[in-house]
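Report on the following structure.
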Amino acid sequence: MTDRSRIYIFSPSSAVRDKPAVRRGIARLRALGHEVELDPAVFATHMRFAGDDETRLAAIGRAAASGADIALITRGGYGLTRLLPQLPYKAIAKAVKGGTRFVGLSDFTAFQSAVLAKTGEVTWAGPAVGEDFGVEGEPDEIMQACFGDLVSGQGEGTGWQLPASERKEGFKPVKGVLWGGNLAILATLVGTPWLPKVRGGILFIEDVSEHPYRIERMLTQMLYAGVLQQQKAILFGQFNNYKLVPHDKGYRLKTVVDWLRTQVKAPVLTGLPFGHVPTKVALPVGAPVHLAVEGRDAFLLWGHRH
């Protein structure tokens with residue numbers, strides 16, 4: 001594996017509305033030396049979707065058949081949940097086994113969860129072309145470095161600093177399968193065949209434009225369904241772009257985190273650099289990982305993956 005790879009770009013969810021951003025992202029990836037191939041339907045539009053269901057299913061099939069090193073989404077949005085029964089799981093699994101890494105976030109959580117549930121194969125929570133590589137300024141350095149590690153196959157883990165209030169001494173390392181992604185999508189999949197049944201896992205979650213009470217409501221659904229109690233650790237990524245109101249009267253995201261800690265025995269850690277934010281790491285969804293904490297320094301380690 002080299003630092004320069006074949007990247008196949010496709011649109012499995014919402015239609016691309018900011019075409020200049022996606023074109024900037026494509027140009028940046030090419031400037032980095034990657035060979036970039038665009039799916040024929042990358043800019044397709046049908047209502048709010050990137051083409052009708054058949055068009056997007058065909059795009060996913062082409063991504064799986066592309067032989068690319070990386071299959072990267074243009075953007076998230078909405079649309080993958082309605083495709084889950086028809087996804088070409090055998091072709092996707094064959095592609096992953098052949099070395100293709102499917103990368104994305106947000107609505108792509110539905111794809112990643114379903115692929116893990118149905119095939120057990122690893123996909124990657126990471127950037128999208130438009131919002132990450134297509135920014136008008138310079139793309140985030142950490143995001144680019146983590147993507148570069150993913151491309152080269154050199155990534156062995158990630159780390160971040162916990163808030164001072166979460167400092168831990170004597171933390172016993174935790175081992176488990178890393179899974180998760182966008183909380184709204186995960187909550188939507190509860191009770192369906194597309195939510196992976198991960199016992200003793202390490203669950204990471206993130207979301208955007210969701211008020212803390214909505215976040216709590218979704219977590220409550222996963223708690224009452226018995227999902228959260230089965231995890232060895234729960235990692236909060238970034239929850240942003242929401243507005244508190246006067247009648248919250250002190251109710252905020254920390255309130256939700258504190259409440260969750262009274263409901264589960266597993267450690268609940270915050271600050272994971274992943275979500276709808278510029279600084280995001282790349283995470284192997286479905287891979288066995290080690291979680292370690294030393295003081296305020298948290299580490300997720302998955303070792304060298306071939």
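All residue numbers in this chain count up from 1 along the given sequence. Nothing here was measured: the structure is a model prediction, and the numbers come from that model.
- Contact of the Glu166 side chain with the Leu269 side chain is registered, since non-hydrogen atoms from C-beta on lie closer than 4.5 Å.
- Looking only at side-chain heavy atoms (C-beta outward), Trp124 and Phe102 stay at 4.5 Å or farther from each other.
- With ring centers used as reference points, Phe239 lies 6.0 Å or more from Tyr242.
- Arg261 CZ: more than 12 foreign heavy atoms inside a 6.0 Å radius.
- Side chains of Asp258 and Thr255: a donor-acceptor N/O pair is absent below 3.5 angstrom, by distance only.
- Sequence neighbours left out, the pairs with a member in residues 30-41 that pass salt bridge (charged side-chain N to carboxylate O under 4.0 Å, His left out) are Arg6-Glu35, Arg6-Glu37, Asp39-Arg62.
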Review item, side-chain donor-acceptor pairs of residues 186-200, under 3.5 Å, at least two apart:
{"residue": "Thr188", "atom": "OG1", "partner": "Ala184", "partner atom": "O", "Å": "2.7"}
{"residue": "Thr192", "atom": "OG1", "partner": "Leu189", "partner atom": "O", "Å": "2.6"}
{"residue": "Thr192", "atom": "OG1", "partner": "Trp194", "partner atom": "N", "Å": "3.2"}

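- Between Arg214 and Glu216 no salt bridge is recorded (no basic side-chain N to carboxylate O distance below 4.0 Å).
- In this view, Glu206 and Asn182, His276 satisfy the side-chain hydrogen bond (donor to acceptor under 3.5 Å, both in side chains) rule, not counting sequence neighbours.
- For the atom pair Thr158 OG1 and Leu283 CG, the distance stands at 7.0 Å (nearest 0.5 Å).
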Can you give each donor-acceptor pair under 3.5 Å made by side-chain atoms of residues 21-28, sequence neighbours left out, with the distance rounded to 0.1 Å?
{"residue": "Arg24", "atom": "NE", "partner": "Gly134", "partner atom": "O", "Å": "2.8"}
{"residue": "Arg24", "atom": "NH2", "partner": "Gly134", "partner atom": "O", "Å": "2.9"}
{"residue": "Arg28", "atom": "NH1", "partner": "Phe133", "partner atom": "O", "Å": "2.8"}
{"residue": "Arg28", "atom": "NH1", "partner": "Val135", "partner atom": "O", "Å": "2.8"}
{"residue": "Arg28", "atom": "NH2", "partner": "Val135", "partner atom": "O", "Å": "3.3"}
{"residue": "Arg28", "atom": "NH2", "partner": "Gly137", "partner atom": "O", "Å": "2.8"}

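- Among pairs with a residue in residues 288-301, none fulfils salt bridge (charged side-chain N to carboxylate O under 4.0 Å, His left out), at least two apart in sequence or across chains.
- The side chain to side chain contact (heavy atoms under 4.5 Å, CB included) test applied to Ser209 returns Asn241, not counting sequence neighbours.
- Note on Phe299 and Leu162: separate hydrophobic clusters, where clusters join Ile, Leu, Val, Met, Phe, Trp and Tyr whose side-chain heavy atoms are under 4.5 Å apart, directly or indirectly.
- Rounded to the nearest 0.5 Å, atoms CG (Leu301) and CG (Leu178) are 11.5 Å apart.
- Atom-to-atom distance recorded for Ser152:OG and Phe147:CZ is 10.5 Å, nearest 0.5 angstrom.
- The shortest side-chain heavy-atom distance between Ile60 and Phe111 falls under the 4.5 Å cut-off.
- Distance NZ/Lys232 to CD/Gln230: 12.5 Å, rounded to 0.5 Å.
- In this structure, Phe204 and Trp179 have side chains that are not in contact, with every pair of non-hydrogen atoms separated by 4.5 Å or more.
- For Tyr213, the side chain to side chain contact (heavy atoms under 4.5 Å, CB included) partners at least two apart in sequence or on another chain are His211, Arg217, Tyr251.
- Hydrophobic clustering (side-chain heavy atoms under 4.5 Å, transitive across Ile, Leu, Val, Met, Phe, Trp, Tyr) groups Val151 together with Trp302.
- Remark: the backbone N or O of Gly295 is not paired with any side-chain donor or acceptor of Arg167 at under 3.5 angstrom.
- You'll find the side chain of Met218 reaches within 4.5 Å of the side chain of Asp207, heavy atoms only.
- Taking the side chain to side chain contact (heavy atoms under 4.5 Å, CB included) definition, one finds that Pro278 meets it with Asp140, sequence neighbours left out.
- Rounding to the nearest 0.5 Å gives a distance of 8.0 Å between OG of Ser13 and CZ of Phe108.
- Residues that satisfy the side chain to side chain contact (heavy atoms under 4.5 Å, CB included) test with Ala128, not counting sequence neighbours, are Ile73, Leu105, Glu131, Asp132.
- Put simply, the side chain of Val257 reaches to within 4.5 Å of the side chain of Thr270, judged on heavy atoms.
- A chain of hydrophobic side-chain contacts below 4.5 Å, direct or via other Ile, Leu, Val, Met, Phe, Trp or Tyr residues, connects Phe43 to Ile9.
- At distances below 3.5 Å, at least one donor-acceptor pair connects side-chain atoms of Ser11 with backbone N or O atoms of Val42.
- The number of heavy-atom neighbours closer than 6.0 Å to CD of Glu136, taken from other residues, nucleotides and ligands shown, is 12 or below.
- With Arg101 contributing its side chain and Val96 its backbone, the two residues share no donor-acceptor pair below 3.5 Å.
- Note that CG of Leu203 and CG of Leu219 are 8.5 Å apart. Values are rounded to the nearest 0.5 Å.
- In terms of the ring-ring contact (aromatic ring centres under 6.0 Å, His included) criterion, Tyr8 has no residue partners (sequence neighbours excluded).
- Residues satisfying the salt bridge (Lys or Arg N to Asp or Glu O under 4.0 Å) test with Glu210, not counting sequence neighbours, are none.
- By the neighbour-count criterion of 12 heavy atoms within 6.0 Å, atom CD of Glu141 is sparsely surrounded, having that number or fewer from other residues, nucleotides or ligands.
- With contacts defined as side-chain heavy-atom distances shorter than 4.5 Å, the pair Leu244/Pro212 qualifies.
- Between Trp160 and Leu235 there is a side-chain heavy-atom pair separated by less than 4.5 Å.
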Would you mind writing out the side-chain donor-acceptor pairs for residues 80-95 within the sub-3.5 Å range, not counting sequence neighbours?
{"residue": "Arg82", "atom": "NE", "partner": "Asp53", "partner atom": "OD1", "Å": "3.1"}
{"residue": "Arg82", "atom": "NE", "partner": "Asp53", "partner atom": "OD2", "Å": "3.2"}
{"residue": "Tyr89", "atom": "OH", "partner": "Leu84", "partner atom": "O", "Å": "2.6"}

